[in-house]
Amino acid sequence: KMKKLIVSELSEIKKIYAEERKSVIQDQVDDLVIDKMAMVSKEEVMVSFTRDGYIKRSQLKSYKSSGESLPNIKLGDSIKGILKVHTTDTLLLFTNFGNFVSVPIYKLREMKWKDEGDHINDISTLSPNEKIVSCVNISEFKQGVYVVILSKTGQIKRTPLYQFDVTKTNK
């Protein structure tokens, strides 16, 4: 009796509220593409990198608690840069061979400020004699902005910034 009552009540509800289905059911679903940058929270961090290619990301709290001193480095290495950046930024590290390494900040492993850091070869590939000579922090790869590169032999080159926006980490 209860089942018959439920069926009759649902039939009445169907007559009153029935509508055509608005959504479409598909057999196959297209590939879902997720933008990794949309998943990264934007926060200020400190980044340091050395001539020999050691790089690290630290929270501002770790940096300030160290007395804003220099981080530890490998014997014979030298610090090439200490920057306050956002996790959504990208570093362009330039080498003495004329190459560059594009490093999204969020891909760097977070560590304490006094730690030595990870070698850039964990992210990209540098030759044994290749050294980091300079760096540019990029918040956005804009059209109409250029990077000017000078060599010690007097060569000069102007390159549009958007050309450095690559999917691979080194060029």
Side-chain angles (χ1 to χ4, degrees), residues 1-49 53-65 81-95 97-113 115-127 130 132 134-149 157-171:
K1 286 183 177 182
M2 188 62 121
K3 286 183 182 181
K4 287 181 182 181
L5 179 64
I6 292 172
V7 169
S8 68
E9 287 180 357
L10 288 175
S11 297
E12 288 177 33
I13 291 172
K14 182 179 177 183
K15 288 176 188 175
I16 297 170
Y17 297 106
E19 288 186 17
E20 291 278 333
R21 183 178 190 96
K22 294 180 181 178
S23 60
V24 178
I25 298 175
Q26 297 179 339
D27 291 336
Q28 294 181 347
V29 177
D30 295 335
D31 289 338
L32 181 63
V33 178
I34 298 173
D35 182 17
K36 289 182 183 177
M37 286 304 293
M39 305 284 286
V40 176
S41 64
K42 185 175 183 177
E43 61 180 280
E44 270 191 327
V45 294
M46 294 300 293
V47 170
S48 72
F49 60 95
Y54 286 89
I55 188 167
K56 72 168 163 213
R57 172 181 72 153
S58 298
Q59 291 184 348
L60 285 176
K61 182 180 178 182
S62 176
Y63 172 70
K64 288 178 180 176
S65 69
I82 296 174
L83 304 166
K84 185 188 281 188
V85 298
H86 290 97
T87 51
T88 54
D89 293 350
T90 301
L91 285 184
L92 296 179
L93 300 168
F94 295 93
T95 73
F97 287 3
N99 298 320
F100 76 92
V101 179
S102 176
V103 181
I105 301 296
Y106 73 89
K107 286 190 176 181
L108 295 175
R109 188 166 63 102
E110 190 171 297
M111 46 184 63
K112 294 179 183 173
W113 183 249
D115 292 344
E116 191 174 89
D118 291 331
H119 197 272
I120 198 75
N121 281 346
D122 292 346
I123 299 169
S124 183
T125 305
L126 291 183
S127 301
E130 199 166 11
I132 305 293
S134 184
C135 173
V136 177
N137 179 39
I138 308 298
S139 297
E140 180 182 348
F141 288 92
K142 296 180 182 178
Q143 297 279 345
V145 178
Y146 296 88
V147 174
V148 177
I149 302 169
K157 181 179 180 180
R158 183 179 85 157
T159 306
L161 179 62
Y162 72 86
Q163 289 186 355
F164 290 96
D165 189 13
V166 294
T167 54
K168 293 184 179 180
T169 54
N170 68 331
K171 179 81 173 167

Do Tyr54 and Phe49 have their ring centres less than 6.0 Å from each other?
no
Measure the shortest side-chain to side-chain distance between Arg109 and Asp122 over non-hydrogen atoms and say whether it is less than 4.5 angstrom.
no
Are Trp113 and Ile82 side-chain neighbours, meaning at least one heavy-atom pair lies under 4.5 Å?
yes
May I ask you to decide if Leu5's main-chain N or O and Ser8's side chain share a donor-acceptor pair within less than 3.5 Å?
yes
Interatomic distance, NZ@Lys42 vs OG1@Thr88, rounded to 0.5 Å, equals 5.0 Å
Just wondering, do Lys142 and Val145 contact through their side chains at under 4.5 Å, heavy atoms?
yes
Quiz question: by atom type and distance under 3.5 Å, do the side chains of Thr87 and Glu43 form a donor-acceptor pair?
no
CD of Glu110 to CD of Gln59: how many Å apart, nearest 0.5 Å?
4.0 Å
I'd like to check Ile132 versus Leu126 (side-chain heavy atoms, cut-off strictly below 4.5 Å). Are they in contact?
yes
Leu93 and Ile120 have their tightest heavy-atom pair at CD1-CD1, 3.8 Å
Got a donor-acceptor contact below 3.5 angstrom from the Lys56 side chain to the Leu108 backbone?
no
Does any part of the side chain of Ile138, heavy atoms only, come nearer than 4.5 Å to the side chain of Phe164, both counted from C-beta?
no
Calculate, to the nearest 0.5 Å, the distance between atoms OG and CG belonging to Ser134 and Leu92 respectively.
9.5 Å
Ignoring hydrogens and angles, tell me if any N or O in the side chain of Ser11 forms a donor-acceptor pair with the backbone of Val7 under 3.5 Å.
yes
